[in-house]
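Naming convention: chains lettered A, B, ... in sequence-line order (proteins, then strands); numbering from 1 in each chain.
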There are 2 protein chains.
Amino acid sequence: MAGAAGARRSRSTGRVTLADVAQAAGVSPITVSRALRGERAVAPELCERVRAAAAALGYVPDPAARALASSRSSHVAVLIPKLSNTLFVDLLDAVQNTLVPAGYQTLIGVTHYSAAEEEAALRSFLAHRPAGLIVTGSDRSAAACALIDGSGVPCVRVMEVGREEGGYSVGFSQRDAGRAITQQLLDSGRQHIAYVAAQLDPRTLERGEGYAAALAHAGLADRTNQVLSAEPSSMALGGAMLERVLLDAPQTDAIFFCNDDLAQGALLAALRLGIAVPGRVAVAGFNDLPGSDQMLPPLTTVATPRREIGAQAAQMLLKLMRGQPVDAPHLDLGFQVVRRASA
Amino acid sequence: MAGAAGARRSRSTGRVTLADVAQAAGVSPITVSRALRGERAVAPELCERVRAAAAALGYVPDPAARALASSRSSHVAVLIPKLSNTLFVDLLDAVQNTLVPAGYQTLIGVTHYSAAEEEAALRSFLAHRPAGLIVTGSDRSAAACALIDGSGVPCVRVMEVGREEGGYSVGFSQRDAGRAITQQLLDSGRQHIAYVAAQLDPRTLERGEGYAAALAHAGLADRTNQVLSAEPSSMALGGAMLERVLLDAPQTDAIFFCNDDLAQGALLAALRLGIAVPGRVAVAGFNDLPGSDQMLPPLTTVATPRREIGAQAAQMLLKLMRGQPVDAPHLDLGFQVVRRASA
DNA sequence: CTGAAAGCGCTTACAG
DNA sequence: CTGAAAGCGCTTACAG
């Protein structure tokens, strides 16, 4: 006797449901579901009626209900090592730009370069039944790999090209890139080239291998000088490492830094200390980050296609999630040596 | 006759469910649900048994089922203008760091400083029934506000303190900060101070108001010189704007840039052009971004508490989502003028 | 090409 | 403090 009808036991959320659209269009809910998803053939005329009704009512499918019924959400989990590196933020941005218009939502997991954190993130994300997965690099614990494989969730690895590991990957050869920039230094007449790296992830190490290979190829294997620091990368650290290298190995006439932030810091430190670049020492970086072209002198570096990697990986994942064939499971997007005045 | 039992009509996903835990613990599913969520009183002994069973079975609650049943997901949508600004990435990182351990997932929406994009993002996110919302700034379309209010989803605004707008906010006074750094310039004896800004969002404009107020207070209202560009902020633009200002208004002896990237670019351009800083012109920035302390000379700027803003906003949202009282709905976290050698 | 039934895995709203 | 029933809003698996 409380008033209008339907006021008992109602858990209704007030939202427009599939059933509402079905009623308005004069068809069954399943038909609405199929028409709206474009799944299976629905008579064109019905299709039209359903779309019109959905639009008129302002129907928005409930992702939770859809996920529960289909046991697959509209989420794509993206695992990156850090948010403080422009590289990964650019990658993420590009991924989002192609996934969001396709109706997917991105879930970000930051792993801090830790295998344990990656595993934990994977475990938690997989519980959300993501439709897809994008992970950084090819190096991960066996447990993490098992988690991914066992889940059956399509996964694309980014930044490196991992043909050997199977699966799907989009990136470029870190080794070749390291080799190319070192070769550039050699070509400009440098003989005592050091490789300075921080935040020793596998990609950093691979660039070091490329560096060593270039020296070996030039018959300078005995002059290899890799200065590695496990500290996080920063401009301040770059400056400090420049000083250290020139102190420990004064004959050094060129330094290849594993990342532009280190190189930018080194350039600024050189300016402060009155060390001529490239006169006394040539400086090269990696990634072509914002600001590298503004340095004094402008920084010679390797431009990496992180945005395109993100876009292509997302595109590949889209195909996998839709069950469409992927013609090339491993995409090598290359890199570009950008010669500026610092080397 | 196909073999083992239970092979018909099964849509089972193989995952461990609440029912499995209930059976193992010898209680009803609702009791498990309550014990695990800590909702309502459950006998301590039962609670323990349930926890043990859940752990033994490796039970992970299904977020989709939970969202559908409770009409509230474990997602928090965060709307920021851009991913290319370190400021917002730091904010995001801090938000994630406090929300993820609390069991929430962050959904990122990038609005590109566009009211229309913000509205669209809001519409799409709200369909996901987020548990909470974090949005940047207090300026948004009436439609966007209506969307937020109408949804009933708890929302915290960040970066500015918006007591007037009601609701909840965490940030600092952009106006006061602009005023403080300008005062710093005045105190060091500068008389012809320009304010140079790009990417004219409301906060940038507020800083400009603070700048104007400081000049007015010093009796220099007639020397106000605001040079505004709607272009996106960048180091290169900062260099170009420095040149333009010194050309158009040669008497200028100090420039307050609305963001450190512009200021850093200006500093580098000054070095390139042989313009003495602070001798010929003092330079100040805003935000204290990475690299500002490495510049030549190091950049005087305003350190903004973006990480703490993110953390506190997340904390506040956590309370709102749990229905707990929030003692201070508007948190002013302040800022700090960092005096270095450029001004 | 269309539909009636059942179910996805939880929580709400009532009882006791 | 505990539970049996119903329901959240979709899609799957069968039929026709």
Side-chain angles (χ1 to χ4, degrees), chain A residues 2 6-23 25-50 54 57-74 103 127-129 131 323, chain B residues 2 6-23 25-50 54 57-74 103 127-129 131 323:
Chain A
R8 48 165 265 272
R9 278 197 155 258
S10 174
R11 286 177 61 186
S12 161
T13 54
R15 80 157 46 211
V16 178
T17 70
L18 202 64
D20 297 330
V21 178
Q23 187 165 27
V27 297
S28 75
I30 321 91
T31 300
V32 175
S33 171
R34 293 204 271 248
L36 259 26
R37 277 179 303 148
E39 183 241 34
R40 279 169 60 167
V42 171
E45 190 249 342
L46 281 193
C47 228
E48 200 34 63
R49 231 160 69 203
V50 167
L57 295 176
Y59 171 68
V60 184
D62 185 323
R66 182 173 270 180
L68 183 58
S70 67
S71 70
R72 192 113 301 181
S73 77
S74 56
H128 284 249
R129 325 194 226 196
Chain B
R8 47 165 265 274
R9 273 192 158 264
S10 174
R11 286 174 64 184
S12 160
T13 54
R15 82 155 47 208
V16 178
T17 70
L18 201 64
D20 296 330
V21 178
Q23 188 164 27
V27 297
S28 74
I30 320 92
T31 300
V32 175
S33 172
R34 293 203 270 247
L36 258 27
R37 277 179 304 148
E39 185 241 29
R40 279 169 60 165
V42 171
E45 190 250 343
L46 280 192
C47 225
E48 199 34 62
R49 231 160 72 204
V50 167
L57 295 175
Y59 171 68
V60 184
D62 185 323
R66 183 172 271 182
L68 184 58
S70 68
S71 70
R72 191 114 302 179
S73 77
S74 55
H128 285 248
R129 322 194 228 196

Picking from [options], which would you name as closest to the side chain of [X]?
X: Leu18(B); options: dG3(D), dT12(D), dC10(C); result: dC10(C)
X: Ala69(B); options: dT12(D), dG9(D), dG7(D); result: dG7(D)
X: Ala65(A); options: dC10(D), dG3(D), dG9(C); result: dC10(D)
X: Ser28(A); options: dG9(D), dC8(D), dG3(C); result: dG3(C)
X: Ser70(A); options: dC8(D), dC10(C), dT12(D); result: dT12(D)

OG1 of Thr31(A) to CG of Leu18(A): how many Å apart, nearest 0.5 Å?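 Here the rounded value is 9.5 Å.
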For the atom pair CG (Leu46(A)) and CZ (Arg34(A)), what is the distance rounded to the nearest 0.5 Å?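 Nearest 0.5 Å value for the CG-CZ distance: 11.0 Å.
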State, to 0.1 Å, how close [X] and [Y] come at their nearest heavy-atom pair, and which atoms those are.
X: Arg66(B); Y: Ser70(B); answer: O-OG, 2.7 Å
X: Ala131(A); Y: Ser73(A); answer: CB-O, 3.1 Å
X: Pro63(B); Y: Pro61(B); answer: CD-O, 3.3 Å
X: Ser74(B); Y: Gly103(B); answer: CB-O, 3.8 Å

Taking [atom1] from [X] and [atom2] from [N], how many angstroms apart are they, rounded to a whole number?
X: Gln23(B); N: dG3(D); atom1: CD; atom2: P; value: 14 Å
X: Arg37(A); N: dC10(D); atom1: CZ; atom2: C1'; value: 9 Å
X: His128(A); N: dG9(C); atom1: NE2; atom2: P; value: 16 Å
X: Glu48(B); N: dC1(D); atom1: CD; atom2: P; value: 17 Å
X: Leu46(B); N: dC1(D); atom1: CG; atom2: C1'; value: 9 Å
X: Ile30(B); N: dT11(C); atom1: CD1; atom2: P; value: 11 Å
X: Leu36(B); N: dT11(C); atom1: CG; atom2: C1'; value: 13 Å
X: Arg34(B); N: dG3(D); atom1: CZ; atom2: P; value: 9 Å

What pattern of brackets, bars and dots sums up DNA chain D from 5' to 3', given Watson-Crick or G-U wobble pairs under 3.5 Å, [ ] for crossing pairs and | for another strand? |||.||||||||.|||
Within the structure shown, what part of the strands sits under 4.0 Å from Ser71(B) by heavy-atom distance: base, sugar-phosphate, or nothing?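 Since no nucleic acid heavy atom lies under 4.0 Å of Ser71(B), the category is nothing.
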If the cut-off is 4.0 Å, is Ser33(B) near the phosphate of dT11(C), judged by side-chain N/O to OP1 or OP2?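 Answer yes for this pair, as a side-chain N or O of Ser33(B) is under 4.0 Å from OP1 or OP2.
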Any side-chain N or O of Thr31(B) below 4.0 angstrom from OP1/OP2 of dG3(D)?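 Answer is yes, contact under 4.0 Å.
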Hey, which of these two, Pro29(B) or Val60(A), hits DNA chain D nearer its 5' end, going by closest nucleotide?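 Looking at the nearest nucleotide for each, Pro29(B) comes out on the 5' side.
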Applying the side chain to side chain contact (heavy atoms under 4.5 Å, CB included) test to Arg49(B), which of Val32(B), Val21(B), Val27(B) qualifies?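 Only one of Val32(B), Val21(B), Val27(B) forms a side chain to side chain contact (heavy atoms under 4.5 Å, CB included) with Arg49(B), namely Val27(B).
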